[in-house]
2 protein chains.
Amino acid sequence: MPPSSTRSPAKASGLDCRLAVLGADVRLTPHRREVFDVLAASTDHPTAYDILDRVKSRSPHISLATVYNCLEHLTSHGLIKLVHLERGQSRYCANLHEHVHFHCETCGKVIDAHPATDFDPAKFWNLPKGTKVTHTDLAIHGTCSACAAKS
Amino acid sequence: MPPSSTRSPAKASGLDCRLAVLGADVRLTPHRREVFDVLAASTDHPTAYDILDRVKSRSPHISLATVYNCLEHLTSHGLIKLVHLERGQSRYCANLHEHVHFHCETCGKVIDAHPATDFDPAKFWNLPKGTKVTHTDLAIHGTCSACAAKS
DNA sequence: ATTTAGAATTAGAATGATTCTAAGTGTATT
DNA sequence: AATACACTTAGAATCATTCTAATTCTAAAT
């Protein structure tokens, strides 16, 4: 029986886990919760396969399709972000704070970089009139300090 | 017979086309030249398939593999750029001026936006010490003016 | 408690994009 | 003419992702 008189708009299932993110009370099935927890505990921007491997230690029978389903659900509900840096596998990121991605072209590592000051793309680039911006994705490519030290 | 006494470092073949880009004298085979010309004449950030279709009007027997080979060659020689905005097909761009990409999430259109003023990512984001930046990729997602007007 | 409806999960097939392979062709130098 | 080597090709192979159909699970209705 639900605790409040009206049903939550998002139907719950499974163990009915909840996650308070950005003021919203999102309910998650056990698998979705595990996928989220794995990603939240990762700072290396794992791919779907990486996440499958990590979730398997807790849920050995989870399938890749379910991981993709969970990631899609979490992404569309704004709990995680999808990162496209290169051709090939997409990466995922549970850091919801405003940030950009530094991508080392030598070792492939991806590092979050947080803003030092406010940034408004409209100030720097001439967008056609009437354009509405919902979000921006900045990827900074180069060599990380560790790789730069080696060469 | 080559015009100068020493051979160009990049061996030429075919009709030995040349292209002066960014001060360099790049030699191109006919197919590479056609792929470049098609892309240079396009402002819509075509995919490899789009480019295949357009090149076919001049060279009906060109294959997709050759288009990919040519695009890879042109990209690695800095004559064109690869653009990753979404999952799925990559797009290509012959605009070598500093610019960013506006991506309409409604109609999928991609528009180049040129800088209104100088932009240095290091001023806005805290990168670890010793990091070397080679280039940045900014994608601005939103709704283009045409799609915004419709809704 | 049982039934029902609908969402979640699964394995595996299907799709789509890209890369690889091996053979063939062409061009330039020997 | 012979050789070497880059370019091109078709098709196979690979990789990432999505789809499909069957199954399981949960919550609500009976």
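Here is the naming used below: chain letters follow the sequence lines, and residue numbers restart at 1 for every chain. Below, each value reflects all heavy atoms present in this structure, side chains not excepted, and no hydrogens, waters or symmetry copies.
At a non-hydrogen distance threshold of 4.0 Å, B/S63, B/A65, B/T66, B/N69 from residues 63-71 of chain B come into contact with DNA chain D. Taking every heavy atom of residues 43-56 of chain A and every atom of DNA chain C, no pair lies under 4.0 Å.
Residue B/H73 places no side-chain N or O under 4.0 Å from the OP1 or OP2 atom of D/dA6. The side chain of B/R87 contributes no N or O atom lying less than 4.0 Å from OP1 or OP2 of D/dA16. A close approach under 4.0 Å does occur between a side-chain nitrogen or oxygen of B/S90 and OP1 or OP2 of C/dT18. At the phosphate of C/dA7, neither OP1 nor OP2 sits under 4.0 Å from any side-chain N or O atom of A/T29.
Aromatic pair A/F36/A/Y92: centroids not less than 6.0 angstrom apart. Taking the six-membered ring wherever Trp is involved, the centroid distance between the rings of B/H84 and A/H84 does not fall below 6.0 Å.
Ring-plane geometry between A/H101 and A/H45 is classed as perpendicular, the angle between the planes exceeding 60 degrees on a 0 to 90 degree scale with a lower cut at 30.
Proximity of a side-chain donor or acceptor of B/T136 to a complementary backbone N or O of A/A139 within less than 3.5 Å is not detected.
Looking only at atom types and distance, the side chain of B/H114 has a donor-acceptor partner in the side chain of B/N95 under 3.5 Å away.
The pair A/D118-B/K123 does not meet the salt-bridge criterion, since no charged nitrogen lies less than 4.0 angstrom from a carboxylate oxygen.
With sequence neighbours excluded, the residues that form a side-chain contact (heavy atoms from CB on, under 4.5 Å) with B/A116 are A/N126.
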